[in-house]
**Q** 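Below you will find the structure I want to go over with you.
Below, read A as the first sequence line, B as the second, and so on, with proteins coming before strands; counting in each chain starts at 1.
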Amino acid sequence: MSQIQLSEQEQLRRKSLEELRTLGIEPYPAALFPVNVTSKEIKENYSDTNNNYTDVTIAGRLMGVRVMGKASFAELQDEKGRIQLYITRDDICPGENKELYNTVFKKLLDIGDFIGVKGFVFRTQMGEISIHVKEFLILAKSLKPLPVVKEKDGVVYDAVTDPEFRYRQRYVDLVVNPGVREVFSKRSRIITSMRELFNSRGYLEVETPILQPIPGGATARPFITHHNTLDIPLYLRIANELYLKRLIVGGFDGVYEFAKDFRNEGMDRTHNPEFTVMEIYIAYKDYFWMMDFTKEMIQKVAMDIHGSTKVPVGENIIDFGHFEKLTMSESILKYTGIDISGMNDADLQNVCKELGIETAPSMGKGKLIDEIFGEKVEPHLIQPTFIYDYPVEMSPLCKKHRNNPELTERFELIVNGKELCNAYSELNDPIDQLDRFQDQLKLSEKGDDEAMFIDLDFVRALEYGMPPTSGMGIGIDRLTMLMTNQPSIQDVLFFPQMRPEKREKVDTPEKYTEAGIPEEWVDALQSLGYKTVELLKQVEKPGKLHQELCGFNKKNHLNLKNPSQDEVAAWITPKI
RNA sequence: GAUUCAGUAGCUCAGUCGGUAGAGCACAUCCCUUUUAAGGAUGGGGUCCUGGGUUCGAAUCCCAGCUGGAUCACCA
């Protein structure tokens, strides 16, 4: 990019960069900088009486400077927070030459620059713990100005709020908006907390394929790709269930995986095309055991993040101290007054009509019940609720209920009106499993394009025998949204999926000179919006272009010799 | 995919009835020899998202498009 297309502030910073080099200061030094403390440690442990921290070395971004003549106060931001620096001219310039303070510090440093300082900690007259700087060093110059966000007593001023800016340039969001980094460090702690529990029980963390020839384990539209050597289609996984169960067949008693799944579906506040799921499968357990385990896991996470089972989410306080349990039909009875047990397809169609729920002829019994539940029950379930005993049609991988052949031993955990976990007593009868796959196939022939593919290798694995097993899956993004009180999945993903940014096509200077345009005018032309020769050729009034160029020359003091009107006209008319 | 709202300086945002483009912060210069979202003064900085249309005149009204948000649909 040419200088002229940069903003004034960017040009000034580039100028400062050059001046630093002129002064013999490398703005991007190579050597390590031996940091020995963080802002947080100092603020937590400094004591006026002990006068500890007499020799600290700390580094971070310069986030604000208040110059007060020969003394200055500055804000240094490191990973853990901010700390005030106190810098005096005569401390950092002990000799006659005051250039380091007057020129380098006061003029050539900018907000956003990385610096390293050495000094001692003290408390200012205003009572703020600060570092009295003895030496400072530029570690990396920042050429693009950061938006300045200020905070006082928890009130944030001028926060960067434009979602497009925040998500596309997450690095800036993380630097300037208080609390954003905290969300992501909590996300990491949530995962660690779960992993601690699983490992303490001796369950094995495993990895299974993301590229799958048959996308199984869930009903969803997959992403499809192609392997060149094998010349076959491959699908990005929509779930890892079938692979994890193969490992139970293989003899592991407990396996789990934190996995990225991919679903080629709509995007909104709770859906991103790629998302993180934890699935765990444990042999010799059933879904009742898994309910208790799920409860224990979530309580541990809440305690580790909040130190309490009570978690604020939006308007509500969610209390993970107590989990309600309702069967699917109990819950529908509770919220609609209708007892659906024993109803057939036609009955359910009528119930839907009564309740004003749209249906399609392709919908089976399971789908209809799911519609009623999703429409009339789920939104009411704010406090943690286990919904269990799902219709067999909507759970093709789940074991039939021990007492009722129309149901399966499945539960979901609903929190804040959204599904959070899904768990089964896993189906381990291979013949039943094949039947259920075939029923799914019939559904797909009926027009349900989300019905499952048949994974015959998975059936073969079951034929060798899988012990009774309970499995559970939990959406890590949604769990993080709950635990960090973020309303949108985009706020708990570093880089949520977005439409690619449009880049304007810009021709190289050579293209212009090839077209007979002097190189010295290329910058001016591009700044005026003629980014390509093609665009230039479309100009209809050469006189106007000529005026624009002369005006630009004058306005920006380029001191170029203005071309004649005929010359400009010649640039845009094709040569014969 | 449908509906709807928004897009103005680096950031946050005003902009009346259609009549010369504004503020705070940021930036620059100077003052102040010094303390808290940085005290004062002065100044520079704009494709008012893009393209059409209406009009003597459009940031403003109309149409289309782009991008994003929200709601719905789809989907766990």
Side-chain angles (χ1 to χ4, degrees), chain A residues 5-13 15-16 63-75 82 84-90 107 110-112 123-128 130 142-169 172-173 176-178 218-221 238-239 261 263-273 275 277 358 360 367 370-371 373-374 378 394 412-414 417-422 448-450 473-475 477-478 487-490 496 498-502 504 527-531 548 555:
Chain A
Q5 288 169 43
L6 296 170
S7 73
E8 184 194 20
Q9 292 189 39
E10 287 173 297
Q11 292 179 47
L12 280 162
R13 286 178 179 226
K15 219 171 275 170
S16 300
M63 294 304 280
V65 184
R66 301 183 286 278
V67 176
M68 308 287 167
K70 61 188 176 193
S72 297
F73 293 88
E75 295 281 329
R82 287 190 182 188
Q84 179 170 269
L85 305 179
Y86 174 69
I87 298 167
T88 63
R89 186 187 66 195
D90 297 330
K107 295 201 193 291
D110 292 293
I111 287 176
R123 194 182 289 273
T124 64
Q125 288 172 18
M126 299 300 289
E128 175 133 358
S130 308
S142 162
L143 294 181
K144 271 184 106 61
L146 289 169
V148 177
V149 177
K150 290 175 177 173
E151 196 183 4
K152 163 128 177 152
D153 302 329
V155 183
V156 179
Y157 300 82
D158 296 335
V160 177
T161 53
D162 177 9
E164 196 176 350
F165 189 125
R166 292 188 52 220
Y167 303 145
R168 285 197 198 280
Q169 300 188 51
V172 177
D173 185 37
V176 302
N177 278 339
T219 52
R221 274 190 285 269
I238 55 174
D261 286 350
R263 297 187 182 177
N264 204 343
E265 288 163 354
M267 295 161 57
D268 61 30
R269 217 176 52 237
T270 52
H271 297 82
N272 193 65
F275 59 102
V277 183
E358 274 185 51
K367 191 88 181 165
D370 191 30
E371 288 293 321
F373 177 77
E378 202 174 42
M394 52 191 290
E412 291 192 352
L413 173 61
I414 316 289
K418 282 276 169 197
E419 173 204 347
L420 183 60
C421 300
N422 185 18
D448 185 345
D449 58 357
E450 290 148 19
I474 178 168
D477 308 295
R478 289 186 186 176
S488 159
I489 198 170
Q490 293 171 310
M498 298 194 89
R499 204 176 289 278
E501 216 174 331
K502 275 202 176 156
E504 211 173 356
S527 299
L528 287 166
Y530 307 102
K531 308 263 188 207
E548 282 179 336
K555 188 178 171 195

**Q** How many Å lie between CD on E151(A) and C1' on A38(B), as a whole number?
**A**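 Atom CD in E151(A) sits about 16 Å away from atom C1' in A38(B).
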
**Q** Which whole-number value in Å describes the distance from E10(A) CD to C11(B) P?
**A** 11 Å

**Q** Looking at R269(A), I want to see if its CZ is surrounded by more than 12 non-hydrogen atoms of other residues, nucleotides or ligands under 6.0 Å.
**A**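 For R269(A), atom CZ is not crowded (no more than 12 foreign heavy atoms under 6.0 Å).
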
**Q** Going by side-chain hydrogen bond (donor to acceptor under 3.5 Å, both in side chains), name the residues that satisfy it together with N177(A), two or more places apart in sequence or in a different chain.
**A** D173(A)

**Q** Whole angstroms only, please: what is the CZ-C1' distance between F73(A) and A37(B)?
**A**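 F73(A) atom CZ is separated from A37(B) atom C1' by 16 Å.
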
**Q** Roughly how many Å is it from NZ in K418(A) to P in C75(B), rounded to a whole number?
**A** 13 Å

**Q** Under 3.5 Å for both donor-acceptor distances, Watson-Crick or wobble: does G22(B) have a partner, and if so which one?
**A** C13(B)

**Q** Between E378(A) and E8(A), who's closer to the 5' end of RNA chain B by nearest nucleotide?
**A** E8(A)

**Q** With RNA chain B as reference, determine whether K70(A) or V67(A) sits nearer its 5' end, using the nearest nucleotide of each.
**A** K70(A)

**Q** Suppose we define a pair by two distances each less than 3.5 Å, Watson-Crick or G-U wobble; what does U29(B) pair with here?
**A** A41(B)

**Q** State which residues pass ring pair (Phe, Tyr, Trp, His ring centres under 6.0 Å) with Y86(A); sequence neighbours excluded, sorted by chain then number.
**A**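 Once residues adjacent in sequence are excluded, the partners of Y86(A) under the ring pair (Phe, Tyr, Trp, His ring centres under 6.0 Å) criterion are F73(A), F122(A), H132(A).
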
**Q** Any side-chain N or O of R499(A) under 4.0 Å from OP1/OP2 of U67(B)?
**A** yes

**Q** According to side-chain hydrogen bond (donor to acceptor under 3.5 Å, both in side chains), who are the partners of S16(A), at least two apart in sequence or on a separate chain?
**A** none

**Q** Hunt down the Watson-Crick or G-U wobble partner of U71(B), both distances under 3.5 Å, from any strand shown, or write none.
**A**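 Looking at the geometry, U71(B) pairs with A2(B).
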
**Q** Output one line per pair: protein atom, nucleotide atom from nucleotides 22-26 of chain B, and distance, for all N/O pairs under 3.5 Å.
**A**
{"residue": "C25(B)", "atom": "O3'", "partner": "K150(A)", "partner atom": "NZ", "Å": "3.1"}
{"residue": "A26(B)", "atom": "OP1", "partner": "K150(A)", "partner atom": "NZ", "Å": "3.3"}
{"residue": "A26(B)", "atom": "N3", "partner": "Q9(A)", "partner atom": "NE2", "Å": "3.2"}

**Q** Who is the Watson-Crick or G-U wobble partner of G57(B), with both distances under 3.5 Å?
**A** none

**Q** Residues in side-chain hydrogen bond (donor to acceptor under 3.5 Å, both in side chains) with R82(A), at least two apart?
**A**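 So R82(A) forms a side-chain hydrogen bond (donor to acceptor under 3.5 Å, both in side chains) with Q77(A).
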
**Q** Roughly, in whole Å, what's the span from CE in M267(A) to P in U71(B)?
**A** 14 Å

**Q** Between E378(A) and K418(A), is the closest basic N to carboxylate O distance under 4.0 Å?
**A** no

**Q** Return yes if the base of U35(B) and the side-chain atoms of E128(A) contain a donor-acceptor N/O pair under 3.5 Å, otherwise no.
**A**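 Flag unset: no donor-acceptor pair detected.
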
**Q** Rounded to the Å, how far apart are R166(A) CZ and C11(B) P?
**A** 15 Å

**Q** What nucleotide among U12(B), A70(B), G68(B) has an atom nearest to a side-chain atom of M498(A)?
**A**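 Nucleotide nearest to M498(A)'s side chain: G68(B).
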
**Q** Could you tell me how far A21(B) sits from G57(B) if I compare only their P atoms? Round to whole Å.
**A** 16 Å

**Q** Which one is paired to G51(B), where only Watson-Crick or G-U wobble pairs with both distances under 3.5 angstrom count?
**A** C63(B)

**Q** If the cut-off is 4.0 Å, is R66(A) near the phosphate of A37(B), judged by side-chain N/O to OP1 or OP2?
**A**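 Answer is no, no contact under 4.0 Å.
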
**Q** Going by the rule side-chain contact (heavy atoms from CB on, under 4.5 Å), which residues pair with P178(A) if we only count those two or more places apart in sequence or in a different chain?
**A**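 Partners of P178(A) under the side-chain contact (heavy atoms from CB on, under 4.5 Å) test: V149(A), E151(A), V156(A).
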
**Q** Does a side-chain N or O from T161(A) land closer than 4.0 Å to OP1 or OP2 of C13(B), or not?
**A**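 Yes, because at least one side-chain N or O of T161(A) sits under 4.0 Å from OP1 or OP2 of C13(B).
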
**Q** Please state the P separation for the pair U8(B) and G51(B) - nearest whole angstrom.
**A** 15 Å

**Q** Please pick, from G68(B), C74(B), A38(B), the nucleotide with the shortest atom-to-atom distance to any side-chain atom of V65(A).
**A** A38(B)

**Q** Contact class for D162(A) vs. all strands (heavy atom < 4.0 Å): base, sugar-phosphate, or nothing?
**A**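 Sugar-phosphate only.
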
**Q** Over how many whole Å does the gap from Y157(A) atom OH to U36(B) atom P extend?
**A**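 Value for this atom pair: 14 Å.
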
**Q** Expressed in angstrom and rounded to an integer, what is the separation of H271(A) atom NE2 from C75(B) atom P?
**A** 10 Å

**Q** Just to confirm, is there a sub-4.0 Å distance from OP1 or OP2 of G69(B) to any side-chain nitrogen or oxygen of Q490(A)?
**A**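 Yes, because at least one side-chain N or O of Q490(A) sits under 4.0 Å from OP1 or OP2 of G69(B).
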
